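Presented below is the structure to which this report refers.
Model, not experiment: these values are computed from the prediction.
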Amino acid sequence: MSRWVIGAAWPYTNAVPHLGTLIGSVLSADVVARFLRMKGEEVIFVSGSDEHGTPIEVEARKRGVDPKVLTDKMHELVAELFRKWNISFDNYTRTENPLHKEFVREIFTKIYRNGYIFTKEIEVLFCEKCGIYLPDRFVEGKCPFCGYEFAKGDQCENCGRLLDPVQLVEPHCVFCGSKPVVRKVKHWFIDLPKLEPEIRKYIESNDRLPENAKNMSLSILREGLRPRCVTRDNKWGIPAPFPGAEDKTIYVWFDAVLGYISATIEYFKKLGKEEEWKKFWLNPDTKVVFFIGKDNIPFHTIILPALLIASGEKFVLPWTVASTEYLLFEGRKFSKSKRVGIWIDEALELLPADYWRFALLYMRPETRDMSFSWELLQEIVNTQLNDVIGNFIHRVLTFVKKNFNGEIPRVEKLYPEDVRFQELIVKVVDEVDNLLMNMRIRDALLKVIELAREGNRFLNERAPWTKIKTSREEAASIMFVAIHAVKALAIMLAPFIPTFANEIWRQLGYSDDVTSRRWDEAKKPVTAGQKLGEVRPVFKKISNHELEELKKRLQKIRAEGKVPSARI
RNA sequence: GCCGGGGUAGCCUAGCCUGGUAGGGCGCCGGACUCAUAAUCCGGAGGGCGUGGGUUCAAAUCCCACCCCCGGCACCA
């Protein structure tokens, strides 16, 4: 048995997450966490709200509320949504929690004492009217190259030229429109070049990193690491613990990424086991896995390891970083400002969570960007989930119901063809196991579907409806194994679609929760004589008409502001 | 501009690192079956693997050049 820390990227609380962020982080992590628990591993699954930084401050200012008020609300909202999505966090916390703040200050104090922090003066733009320092893209002006009126401080969206905010003609603050001034300020930097050899060693020797994470990390290392500024002039954040930096806060990225550890500490503290977290994070055998989108890679493969190494404590470094590519929406990037995509609160208003879970996991952009489309959603739900899996389960269960009085038949000995199928079941269970251990979630799901497909083929070839007329014994042998396949499906689907899996479990006649069962039980047949529960179709299709209705309903929800993401 | 990643049948996609007759899913056509939510299963058609060179007995896979798409380029999270 191993110890695992499963971490999902911390959603930034300036908005409700959309489906793209969900599949990349929280949902993928949930599948693996659930799977590992069923494997009997010791698992801590953590995440939380990432609530510091300028965008939050700005958003709060826009609404005229304190940032804390805003994030309190958002945190509750998002946490509740994840519950509805059946995400099995052990601890979903937040960066505003005192334990986290204290932990971050403690780590940075250690990093400072170990000589990895130095100061430097830099020039930044300051809006005197708003009283805040403006990140590049919060400055707008006329592009000096093409004359475009709304060029951002970092890049002109019209001609694509990269800009320095000071190059802008008539620069102005995006919030109040006034002209920002250039200020020289002192900031605290982490000396990444000094840490580079150790980071390089870590990346190069980690052969579990997915290709995208490894390539991006190596390419960043190839260019050479530069010192990075770890302080900000925001008020909203964790006060920097460095002498002389009393009015600064820690840059949100360096704060949030430490949350995986503080969340673990908090989890055990609540259980009254204050020291237990060390058995995870200070143990070289612990497997720490992060689930993130590709935009997050450097922070998890380089920044976080850098902080952990620089702290001088013997923290275990990530075992792997399961980084996905992007989920696109109808071929375009999800965009909050352009309102492209579907948000996780909206989705739940359209279909039960497990349909989304299944479809999203099926579309998981494991090796390249994947495009969500309504038609694809329909195809996955109708063909894969309903027709292939659902129909297989249903035809098996109804056949047993009708012909064997709803009881798992007793079998003296299995026919050779049936033994062969039974061996296949066991083989698939192991293959799915192996894929999930390697974070190949989409491939694992495809493999599960394949078992249902094989099940359908098996039934067609063995035709128990014909056999039962001549040999009840042979039909029993067939169905005994077919039922075994249904059981295996219920168990293997549990990490993916826990609610539906449980429904299948119940129909098989079990009264407990399938997620409390062990994974390897999928290899064992159902006990003869067990009485089936009530049998009815578990899934249903989305008709063309219904699909159109879903799209309309989404528009309506937005128009009426029924759902939080419609208002935020 | 620089650095990544992609370009595979009508659509989605695997394979590319570790070269050897291009796999799967959807859709389409034909058939089988009728236990099952008209579901399932089998067979078939359909591909110059972005373009042009090169290496090799052999390239989607390796090398070079070019074209298109997407992302990053560090104070944006």
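Proximity of residues 379-391 of chain A to RNA chain B (heavy atom under 4.0 angstrom from any strand atom) is restricted to A:Glu379, A:Thr383, A:Gln384, A:Asn386, A:Asp387, A:Asn391. A heavy-atom distance below 4.0 Å to RNA chain B is reached by these residues of residues 455-471 of chain A, ordered by number: A:Asn456, A:Arg457, A:Asn460, A:Trp465. Taking a 4.0 Å limit (strictly below) on heavy-atom distances, residues 442-453 of chain A reaches RNA chain B at A:Arg442, A:Arg453.
Within the model, atoms CE of A:Met363 and CH2 of A:Trp356 stand 7.5 Å from one another, a figure rounded to the nearest 0.5 Å. Taken from CG in A:Leu385 to CZ in A:Phe496, the straight-line distance is 12.5 Å, to the nearest 0.5 Å. One finds the CG atom of A:Leu327 at 7.5 Å from the CD1 atom of A:Ile23 (value rounded to the nearest 0.5 Å).
Regarding A:Phe299, its CZ atom lies at a distance of 11 Å from the P atom of B:C76, rounded to whole Å. Atom CG of A:Leu397 and atom P of B:U37 are 12 Å apart (whole Å). For A:Trp188 and B:C75, the CH2 to P distance is 19 Å, given to the nearest whole Å. Rounded to an integer number of Å, the gap from CZ of A:Phe404 to C1' of B:C35 is 11 Å. Atom-to-atom, CD1 of A:Ile56 to P of B:A77 comes out at 10 Å; the value is rounded to the nearest Å. Rounded to whole angstrom, the span from the CD atom of A:Glu325 across to the P atom of B:G6 amounts to 8 Å. Summarising the geometry, the separation between CZ on A:Arg368 and P on B:G15 is reported as 9 Å, rounded to the nearest angstrom. Atom CG in A:Leu125 sits about 12 Å away from atom P in B:C75, given to the nearest Å.
Rounded to a whole angstrom, the distance from the C1' atom of B:U21 to that of B:C33 is 34 Å. Straight-line distance between the P atoms of B:G1 and B:C12: roughly 28 Å, to the nearest whole Å. B:U18 and B:C76 have their P atoms separated by 40 Å, with the value rounded to a whole Å. Rounded to whole Å, the separation between the C1' atoms of B:U8 and B:C49 comes to 4 Å. B:U37 and B:G43 have their P atoms separated by 26 Å, given to the nearest Å. Between the P atoms of B:A77 and B:G7, the separation comes to 33 Å (whole Å). Comparing B:C17 with B:A60, their C1' atoms are spaced 14 Å from each other, to the whole Å. As rounded to the nearest Å, B:U56 and B:C70 have P atoms that lie 38 Å from one another.
For residues 362-371 of chain A, the set of pairs meeting the side chain to side chain donor-acceptor pair (under 3.5 Å) definition, not counting sequence neighbours, comprises A:Ser28-A:Arg364, A:Lys294-A:Asp369, A:Tyr362-A:Gln384, A:Arg364-A:Glu366.
The side chain of A:Lys402 lies closest to B:A36, out of B:A36, B:A39, B:C75. Out of B:A36, B:C12, B:C75, the shortest distance to the side chain of A:Thr398 is found at B:A36. When distances run from any side-chain atom of A:Ile122 to the nucleotides B:U8, B:C75, B:G25, the shortest one goes to B:C75. Checking B:U13, B:C35, B:A14 against every side-chain atom of A:Met370, the shortest atom distance belongs to B:U13. When distances are taken from the side chain of A:Arg232 to each of B:A14, B:A77, B:G5, the shortest belongs to B:A77.
The 5' end of RNA chain B is approached more closely, in terms of each residue's nearest nucleotide, by A:Thr367 than by the other of A:Thr367 and A:Pro537. If A:Asn234 and A:Phe392 are placed on RNA chain B by their nearest nucleotide, the residue sitting closer to the 5' end is A:Phe392.
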Requested in this report: Kindly indicate, with the supporting measurements, whether the criterion side-chain hydrogen bond (donor to acceptor under 3.5 Å, both in side chains) is fulfilled by A:Asn14 and A:Glu51.
Outcome: CA-CA 8 Å; A:Asn14 66 339; A:Glu51 42 189 335; over 6 Å; no
Query raised in the report: After noting the C-alpha distance and the side-chain angles of A:Glu474 and A:Ser477, does the key distance pass the side-chain hydrogen bond (donor to acceptor under 3.5 Å, both in side chains) rule?
Result: CA-CA 5 Å; A:Glu474 185 167 359; A:Ser477 166; over 6 Å; no
Query - Working for salt bridge (charged side-chain N to carboxylate O under 4.0 Å, His left out), residues A:Glu461 and A:Arg457 - result: CA-CA 6 Å; A:Glu461 278 168 8; A:Arg457 179 176 304 149; 5.0 Å; no
**Report entry** A:Thr95 and A:Asp50: CA distance, side-chain angles, deciding distance, side-chain hydrogen bond (donor to acceptor under 3.5 Å, both in side chains) verdict
**Finding:** CA-CA 6 Å; A:Thr95 56; A:Asp50 176 5; 4.5 Å; no
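Using a 4.0 Å cut-off between a side-chain N of Lys or Arg and a carboxylate O of Asp or Glu, A:Arg536 and A:Glu534 qualify as a salt bridge. A salt bridge links A:Lys551 with A:Glu375: the distance from a Lys NZ or Arg NE/NH1/NH2 to an Asp or Glu carboxylate oxygen falls below 4.0 Å.
Side chains of A:His18 and A:Ile344 form no contact here, defined as non-hydrogen atoms less than 4.5 Å apart. Between A:Leu397 and A:Leu508, the closest side-chain pair of non-hydrogen atoms falls below 4.5 Å. At a threshold of 4.5 Å between non-hydrogen side-chain atoms, the residues A:Ile389 and A:Ile449 count as touching.
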Query raised in the report: Pairing of RNA chain B as dot-bracket, 5' to 3': ( ) intra-strand, [ ] crossing, | other strand, . unpaired, with Watson-Crick or G-U pairs under 3.5 Å?
Result: ((((((((.[[[[.)....(..]]]].(((((.......))))).....[[[[[..)....]]]]])))))))....
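At the heavy-atom level, A:Val400 lies nowhere under 4.0 Å from the strands shown. At a threshold of 4.0 angstrom between heavy atoms, the contacts of A:Tyr133 with the nucleic acid are absent.
The cationic group of A:Lys248 does not satisfy the cation-pi geometry with A:Phe242, failing either the under 6.0 Å distance to the six-membered ring centre or the 45° limit from the ring axis.
Aromatic ring orientation, A:His300 versus A:Trp253: perpendicular (interplanar angle above 60°, classes split at 30° and 60°).
In this structure, A:Tyr92 has its ring center under 6.0 Å from that of A:His75. A:Phe358 and A:Tyr355 have their aromatic ring centers separated by at least 6.0 angstrom.
Partner of A:His52 under the side chain to side chain donor-acceptor pair (under 3.5 Å) criterion, chosen from A:Arg232, A:Glu96, A:Lys101: A:Glu96. Checked against A:Lys541 for a side chain to side chain donor-acceptor pair (under 3.5 Å), the options A:Asn382, A:Asn386, A:Asp387 give a single hit: A:Asp387.
Residue A:Lys401 places none of its side-chain N or O atoms closer than 4.0 Å to OP1 or OP2 of B:C35. In this structure, A:Tyr251 does not reach the B:A74 phosphate: none of its side-chain N or O atoms is under 4.0 Å from OP1 or OP2.
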Strictly under 3.5 Å: I want the nitrogen or oxygen pairs between protein and nucleotides 68-71 of chain B, one per line.
none

